[in-house]
Engineer: 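First, the structure itself, so that you have it in front of you.
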Amino acid sequence: MIRVQAPAKINLYLHVTGKRDDGYHLLDSLMAFAECGDVIEVEAASDLSLSISGPFAEGLPTGPDNLVMQAAEKIRQFAGGATGARIKLQKNLPVASGIGGGSADAAAVMKALCQLWEVAPAEGDLMALALSLGADVPICLTGKAAFVSGIGEIITPVSDLPTVPMVLVNPGVAVSTPSIFKARQGGFSNPNPFTEISQTTQQLIECVSVRSNDLMAPAIQVASVIGEVIEGLSECNGILLSRMSGSGATCFGLFDTQQDAQQAARSLKSNNPGWWVEQTELFG
Ligand code: C5P
């Protein structure tokens with residue numbers, strides 16, 4: 001049995017810098033990962049099948065509509081098509097929530113099946129396959145912090161990002177990415193990746209806090225509870241930065257200490273029993 005972690009992806013900032021003729025938006029984003037995430041397990045079998053467990057399993061399709069099965073099918077073609085696997089997905093992350101759960105699952109199953117079936121597609125082929133599954137799948141395949149541009153395919157790794165105590169909060173509304181891009185108004189932002197070294201938390205916060213998530217205002221318009229999440233996070237002791245990730249609705253708070261993060265998670269949970277609140281860490 002092969003087990004691969006599928007960590008949540010966090011957009012520390014996200015500038016929408018343009019739009020392609022096919023409707024996809026050009027982005028400039030610093031993406032990193034959380035310590036928490038979904039888990040993929042695979043084992044040899046005659047057919048390809050998917051079962052899903054975990055707190056967010058309910059209602060998810062296990063057939064060809066699931067991105068995990070689409071990713072698996074594509075890797076199977078590399079393996080000659082005549083093989084199978086029993087895939088298990090432990091769904092710990094809320095769905096359609098801006099932290100790349102589905103993309104991380106797809107990337108994790110690609111890694112797991114390449115190992116199980118002993119196939120080693122060329123790096124370029126793997127990345128092209130990942131992009132064909134979704135704009136966030138390539139960064140999830142690398143699993144490392146990076147500046148990401150294009151629609152998600154231009155990846156410039158960042159080393160030495162600090163590990164920062166973090167709390168993730170989702171208010172229980174699933175928001176559709178295309179509708180948030182559609183609700184966005186105004187012009188485009190400039191790409192603005194930074195060259196300063198961000199080895200300390202303070203340096204990282206300084207760089208990130210002068211940038212923004214351009215999708216946050218339209219997301220709050222679509223789901224005003226996201227504004228309440230940001231407010232709740234920003235009132236917590238030791239908060240360094242609170243922001244929405246991706247197209248929402250999940251928001252993240254970065255904290256000075258583990259203790260601050262723990263206390264914040266506890267009080268956000270008890271004040272808002274319907275919210276998903278997870279104390280974790282941001283990884284470079
Ligand atoms: O690639 P993915 O399936 O994750 O994208 C979902 C939708 O989000 C796209 O169909 C598009 O409407 C929007 N999107 C975008 N620009 C991006 C990524 C996603 O407009 N860079």
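Quantities reported herein were computed from a predicted structural model and do not represent experimental measurements. When a ligand or atom number is given, it counts from 1 through the structure's own listing order.
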Engineer: List for me each residue that meets side-chain hydrogen bond (donor to acceptor under 3.5 Å, both in side chains) alongside K88, sequence neighbours excluded, and say none if there are none.
Structural biologist: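 K88 satisfies side-chain hydrogen bond (donor to acceptor under 3.5 Å, both in side chains) with no residue once adjacent residues are dropped.
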Engineer: Would you check if there is a donor-acceptor pair between the side chains of D105 and S103 at a distance under 3.5 Å?
Structural biologist: no
Engineer: Report yes or no: do E41 and Q90 form a side-chain donor-acceptor pair below 3.5 Å?
Structural biologist: no
Engineer: What does the 4.0 Å heavy-atom contact list look like for ligand 1?
Structural biologist: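 Answer by chain and number: G23, Y24, H25, L27, G134, A135, I151, T177, P178, F181.
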Engineer: Give a yes or no on this: more than 12 heavy atoms of other residues, nucleotides or ligands lie within 6.0 Å of atom CD of Q202.
Structural biologist: no
Engineer: Side-chain atoms of residues 142-160: list all donor-acceptor pairs with protein atoms under 3.5 Å, sequence neighbours left out, distances to 0.1 Å.
Structural biologist:
{"unit_1": "T142", "atom_1": "OG1", "unit_2": "I139", "atom_2": "O", "d": "2.8"}
{"unit_1": "T142", "atom_1": "OG1", "unit_2": "K144", "atom_2": "N", "d": "3.3"}
{"unit_1": "E153", "atom_1": "OE1", "unit_2": "I151", "atom_2": "N", "d": "2.7"}
{"unit_1": "D160", "atom_1": "OD2", "unit_2": "Q199", "atom_2": "NE2", "d": "3.1"}

Engineer: Quick one: salt bridge (Lys or Arg N to Asp or Glu O under 4.0 Å) pairs with a partner in residues 14-26, sequence neighbours left out?
Structural biologist: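 Found R20-D22.
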